[in-house]
2 protein chains.
Amino acid sequence: MHYYRLATPEHAVQPRIPTSIRRHLPYLLARAYQRQQRLFEAHTRDFDITGRDYGLLLMLESNPGLWQSEIADLMGLDRTTVTYLVDGLQKRGWVAREPDPADRRAHVVTMTADGRTALESIRPAAAAAIDEVLAPLDETERDQLRALLTRLLGH
Amino acid sequence: MHYYRLATPEHAVQPRIPTSIRRHLPYLLARAYQRQQRLFEAHTRDFDITGRDYGLLLMLESNPGLWQSEIADLMGLDRTTVTYLVDGLQKRGWVAREPDPADRRAHVVTMTADGRTALESIRPAAAAAIDEVLAPLDETERDQLRALLTRLLGH
DNA sequence: TATTGTTATACTCTATAACTATA
DNA sequence: TATAGTTATAGAGTATAACAATA
């Protein structure tokens, strides 16, 4: 890319991200997230799923019967966005909504058998994506990153 | 929120993010990025700017006269997305496009005087946002996070 | 009155494809 | 032929406001 500029003395200096920006944590965080998103997409191209869909399935796996408002809290999303998200998974037959007998305003969301099957088939691809994202870090560094991000989030 | 559930024995267990997810790096990265985005928005509400706009202005500050294709490379974006991004900043009068005399296919993007003024007025709010995001970490931890994310990105 | 969820709607961001102008 | 940029267009994701059902 930009061969002409590189070959031309006046333009021989390739534009670079200045150190002030390369050391800027918001920039690093945004680029890391961007890379993670793209690698997840690349690895799960054969499955009709996004990273967030996958995250919600994991959430439901360990926490069956969540209310949509609870999903909104747990994922930091608006109620209407959760409606949209659950709609999509329900159309694929991966989750079901049932009214909560204890509070009929609320709908309880659970994974279906098809959802569990889909989750199992996607899991290896998701794991491969994570492996590629984290490839530059050894186990100790991954633990450090986990600890730092956990502190950052106040968890 | 969910007062009824909390007050009811059957529902006394508040739904929690399971440890398996709380320790999941993709989840932590996504939440950290989400938090950063929202705090930037909250702090810069008085200015008509997004985090990415701000990042591009910083990029142009230290690298005046970038081609749009170079911006695309540096920010990991598609050419058409850069057109859209530069359009927005140009409408606000913060950047200007000029054809590069050395290669008239390309447009050179520079900050205007108004752009520099805007950047200076926004900088304190952006800094406050970053301070709030990073508040849980001391200087040593910030350096560690910088180093780990830099390695993650292969920079 | 407050809360859960839905719907209608609109806006932002992103990318693909087809184009133009230059190289 | 290949590259830089634009335009038209479409799709994802997000949110606000108004609403219905229930508490």
Side-chain angles (χ1 to χ4, degrees), chain A residues 1-8 11 15 30 33-34 37-38 40-42 44-45 48-56 65-73 75-92 95-109, chain B residues 1-8 11 15 30 33-34 37-38 40-42 45 48-53 55-56 65-91 95-109:
Chain A
M1 347 155 153
H2 321 314
Y3 299 112
Y4 178 70
R5 297 199 95 189
L6 284 172
T8 304
H11 297 109
Y33 175 71
Q34 187 188 50
Q37 289 294 99
R38 295 199 176 154
F40 187 91
E41 280 168 37
T44 60
R45 201 145 279 160
D48 183 20
I49 196 161
T50 68
R52 259 238 309 267
D53 291 334
Y54 185 72
L56 177 49
L66 286 177
W67 287 11
Q68 291 186 197
S69 60
E70 292 169 337
I71 294 170
D73 284 352
M75 301 184 78
L77 298 174
D78 186 85
R79 299 195 321 285
T80 59
T81 306
V82 174
T83 297
Y84 165 85
L85 201 58
V86 173
D87 275 354
L89 292 173
Q90 194 174 30
K91 267 173 208 143
R92 277 165 274 174
V95 305
R97 283 171 166 107
E98 299 162 50
D100 186 338
D103 186 337
R104 296 178 46 74
R105 294 174 303 183
H107 291 177
V108 144
V109 182
Chain B
M1 336 151 158
H2 322 312
Y3 300 111
Y4 179 70
R5 298 199 96 189
L6 284 171
T8 304
H11 297 109
Y33 175 72
Q34 187 187 49
Q37 289 295 97
R38 294 198 177 156
F40 187 91
E41 279 167 38
R45 201 146 280 160
D48 183 21
I49 196 161
T50 67
R52 259 239 308 265
D53 291 335
L56 177 47
L66 285 178
W67 286 12
Q68 292 185 197
S69 61
E70 291 169 336
I71 294 171
D73 284 352
L74 294 175
M75 301 185 77
L77 299 173
D78 186 86
R79 296 190 331 276
T80 60
T81 306
V82 174
T83 297
Y84 165 85
L85 201 58
V86 173
D87 276 353
L89 293 172
Q90 193 174 32
K91 267 173 207 142
V95 305
R97 282 172 167 108
E98 300 161 50
D100 186 337
D103 186 338
R104 297 176 46 72
R105 293 173 303 183
H107 292 179
V108 144
V109 181

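Throughout, a chain's letter reflects where its sequence line sits, starting with A, and its residues are numbered from 1.
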For A:Gly76 and for B:Gln68, locate the closest nucleotide of DNA chain D by heavy-atom distance; then report the residue assigned to the nucleotide nearer the 5' terminus.
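The answer here is B:Gln68.
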Taking [X] for its side chain and [Y] for its backbone only, find out whether a donor-acceptor pair lies under 3.5 Å.
X       : Y       : answer
A:Glu70 : A:Trp67 : yes
A:Thr81 : A:Leu77 : no
B:Gln34 : A:Gly76 : yes

Value in whole Å for how far the [atom2] atom of [N] lies from [atom1] of [X]:
X        : N      : atom1 : atom2 : answer
A:Leu56  : D:dG13 : CG    : P     : 13 Å
A:Trp67  : C:dT6  : CH2   : C1'   : 16 Å
B:Arg105 : C:dT22 : CZ    : C1'   : 6 Å
B:Asp100 : C:dA23 : CG    : C1'   : 12 Å
B:Gln34  : D:dG13 : CD    : C1'   : 13 Å
A:Leu77  : D:dA15 : CG    : C1'   : 11 Å
B:Arg38  : D:dG13 : CZ    : C1'   : 12 Å
A:Arg97  : D:dA21 : CZ    : P     : 17 Å

Test of understanding: with side chain to side chain contact (heavy atoms under 4.5 Å, CB included), list the residues that count as partners of B:Ala30, not counting sequence neighbours.
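Applying side chain to side chain contact (heavy atoms under 4.5 Å, CB included) to B:Ala30 gives A:Tyr33, A:Gln36.
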Before you tell me yes or no, could you show the steps for B:Leu56 and B:Met75 under side chain to side chain contact (heavy atoms under 4.5 Å, CB included), namely the whole-Å CA-CA distance, both residues' side-chain angles and the distance that decides it to 0.1 Å?
CA-CA 8 Å; B:Leu56 177 47; B:Met75 301 185 77; 4.1 Å; yes
Is there a side-chain contact between B:Arg104 and the phosphate of C:dT20, meaning an N or O under 4.0 Å from OP1 or OP2?
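No.
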Give a yes/no on whether any side-chain N or O of B:His107 is located under 4.0 angstrom from OP1 or OP2 of D:dT6.
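B:His107 to D:dT6 OP1/OP2: side-chain N or O found under 4.0 Å.
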Between residues 78-89 of chain B and DNA chain C, which residues have a heavy-atom gap below 4.0 Å?
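Within this stretch, B:Asp78, B:Thr80, B:Thr81, B:Tyr84 sit under 4.0 Å of the strand.
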Can a salt bridge be assigned to the pair A:Arg97 and A:Asp87 using a cut-off of 4.0 Å between side-chain N and carboxylate O?
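The answer is yes: the pair qualifies as a salt bridge.
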Run the salt-bridge test on A:Asp53 and A:Arg92 with the 4.0 Å N-O cut-off and return the result as yes or no.
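The answer is yes: the pair qualifies as a salt bridge.
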